[in-house]
Amino acid sequence: MFKSLFGGNKEEKQLKQKLQQIEVHLENKEFEKVISEGEDLLNKVSDKQKKTLVQMLALANFHSKEYEKALPYFSQSIELDKDNPDSHFNICTCFILNKQPEQGLESLEDAITTYQEKGKKENMPIPYMIFYTICALIDCEEYNRAFDQLNRLATVYKEISITDTQFL
């Protein structure tokens with residue numbers, strides 16, 4: 001009770017400041033700093049803070065093209081936030097770019113299912129998920145799989161009653 005009245009203890013404040021600094025590093029694309037400082041804090045933060053930190057570590061490794069290192073963090077992110085379709089989608093693209101397209105496409109299906117069941121308006125919409133999956137597949141020269149997803153995306157847009165020519 002007294003912690004909440006007087007702002008918590010000094011150690012909690014320092015952890016919060018370090019997390020904020022790591023977030024600034026991520027925004028500034030200083031991925032090496034995010035990884036080194038974030039990994040040092042991983043076992044010191046609360047469960048709520050851990051969810052955010054794990055997501056930042058996953059993204060930092062992903063943007064550093066260290067897909068193999070990002071995968072465990074993305075998996076942990078899903079464990080900590082199963083109802084977030086974005087977590088499932090992030091691991092989808094990571095698998096694909098790590099030359100594991102089968103697992104990536106399975107994760108895409110998980111992301112779509114999670115979105116349909118528990119998605120919120122701030123989550124990435126399904127057509128965007130499919131589009132970015134296509135981009136990842138093309139980057140890995142998985143053209144047939146990309147074409148299959150393109151056909152799937154075309155089906156989505158055909159079902160829309162008003163389709164802007166810009167999208168076509």
Side-chain angles (χ1 to χ4, degrees), residues 19 22-35 38-39 42 47-168:
L19 282 171
I22 292 170
E23 193 169 347
V24 169
H25 291 319
L26 185 63
E27 290 170 5
N28 293 331
K29 299 181 181 181
E30 298 170 322
F31 303 124
E32 290 178 17
K33 288 182 181 179
V34 173
I35 294 166
E39 287 177 344
L42 204 52
D47 287 342
K48 184 179 180 182
Q49 293 170 323
K50 191 171 197 169
K51 183 173 89 171
T52 303
L53 181 58
V54 165
Q55 290 171 344
M56 288 191 290
L57 285 166
L59 291 171
N61 279 289
F62 181 85
H63 288 297
S64 298
K65 298 186 181 191
E66 295 288 344
Y67 307 119
E68 191 74 35
K69 292 179 183 177
L71 283 169
Y73 290 119
F74 281 128
S75 294
Q76 193 173 3
S77 177
I78 290 170
E79 289 173 23
L80 295 169
D81 196 10
K82 292 180 194 245
D83 294 343
N84 187 347
D86 296 341
S87 297
H88 293 277
F89 173 72
N90 286 335
I91 202 168
C92 159
T93 55
C94 192
F95 271 129
I96 291 170
L97 294 172
N98 195 45
K99 308 287 187 208
Q100 297 172 291
E102 297 85 13
Q103 286 116 320
L105 292 173
E106 287 174 20
S107 296
L108 174 63
E109 296 309 315
D110 292 341
I112 290 171
T113 301
T114 305
Y115 183 88
Q116 290 170 334
E117 293 173 359
K118 300 177 183 181
K120 300 175 183 165
K121 66 181 177 181
E122 62 265 11
N123 294 123
M124 181 180 291
I126 293 171
Y128 281 47
M129 289 182 198
I130 297 170
F131 175 74
Y132 289 118
T133 299
I134 292 169
C135 294
L137 289 165
I138 290 170
D139 287 347
C140 293
E141 300 179 359
E142 292 284 342
Y143 301 117
N144 290 333
R145 289 185 169 120
F147 188 72
D148 292 341
Q149 294 302 313
L150 182 62
N151 284 332
R152 182 181 194 182
L153 188 60
T155 303
V156 170
Y157 280 105
K158 285 178 189 175
E159 292 175 5
I160 297 174
S161 61
I162 301 173
T163 303
D164 191 331
T165 55
Q166 169 183 343
F167 294 118
L168 297 174

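Note that the structure is predicted; figures quoted are calculated from it, not measured. For the single chain, residues carry numbers from 1 onward in sequence order.
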How close do [X] and [Y] get, heavy atom to heavy atom, and via which atoms?
{"X": "Val34", "Y": "Leu26", "answer": "CG2-N, 3.4 Å"}
{"X": "Ala70", "Y": "Cys94", "answer": "CB-SG, 3.8 Å"}
{"X": "Ala111", "Y": "Phe89", "answer": "CB-N, 3.6 Å"}
{"X": "Leu97", "Y": "Ala136", "answer": "CD2-O, 3.9 Å"}
{"X": "Leu105", "Y": "Gln149", "answer": "CD2-NE2, 3.9 Å"}
{"X": "Ile96", "Y": "Pro101", "answer": "CG1-CA, 4.1 Å"}

Got a sec, which residues hit side chain to side chain donor-acceptor pair (under 3.5 Å) with [X], two or more places apart in sequence or on another chain?
{"X": "Gln103", "result": "none"}
{"X": "Asp148", "result": "none"}
{"X": "Asp139", "result": "none"}
{"X": "Glu23", "result": "none"}

Check ion pair Arg152-Glu109 (N to O, under 4.0 angstrom): yes
Pair Glu141 + Lys99, salt bridge at N-O below 4.0 Å: no
For the atom pair [atom1] ([X]) and [atom2] ([Y]), what is the distance rounded to the nearest 0.5 Å?
{"X": "Leu150", "Y": "Thr155", "atom1": "CG", "atom2": "OG1", "result": "9.5 Å"}
{"X": "Gln100", "Y": "Glu106", "atom1": "CD", "atom2": "CD", "result": "10.5 Å"}
{"X": "Glu142", "Y": "Thr133", "atom1": "CD", "atom2": "OG1", "result": "13.0 Å"}
{"X": "Asn151", "Y": "Ile130", "atom1": "CG", "atom2": "CD1", "result": "11.0 Å"}
{"X": "Leu108", "Y": "Thr113", "atom1": "CG", "atom2": "OG1", "result": "9.0 Å"}
{"X": "Lys69", "Y": "Ile35", "atom1": "NZ", "atom2": "CD1", "result": "7.0 Å"}

List the residues meeting side-chain contact (heavy atoms from CB on, under 4.5 Å) with [X], not counting sequence neighbours, and say none if there are none.
{"X": "Pro72", "answer": "none"}
{"X": "Ile78", "answer": "Ser87, His88, Ile91"}
{"X": "Tyr115", "answer": "Pro85, Asn123, Ile126, Met129"}
{"X": "Asn28", "answer": "Val24, Glu30"}

All pairs passing ring-ring contact (aromatic ring centres under 6.0 Å, His included) where residues 61-86 contributes a residue, at least two apart: Phe31-His63, Phe62-Tyr67
Under the salt bridge (Lys or Arg N to Asp or Glu O under 4.0 Å) test, residues paired with [X] that sit two or more places apart:
{"X": "Glu122", "result": "none"}
{"X": "Glu39", "result": "none"}
{"X": "Lys65", "result": "none"}

Residue pair Leu153 / Ile134, side-chain heavy-atom distance below 4.5 Å: yes
Contact check, side chains of Gln55 and Leu80, non-hydrogen atoms, under 4.5 Å: no
Intermediate values then yes/no, side-chain contact (heavy atoms from CB on, under 4.5 Å), Lys50 and Gln76: CA-CA 10 Å; Lys50 191 171 197 169; Gln76 193 173 3; 3.5 Å; yes
Test item: Asp81 side-chain N/O and Ser77 main-chain N/O as donor-acceptor pair under 3.5 Å: no
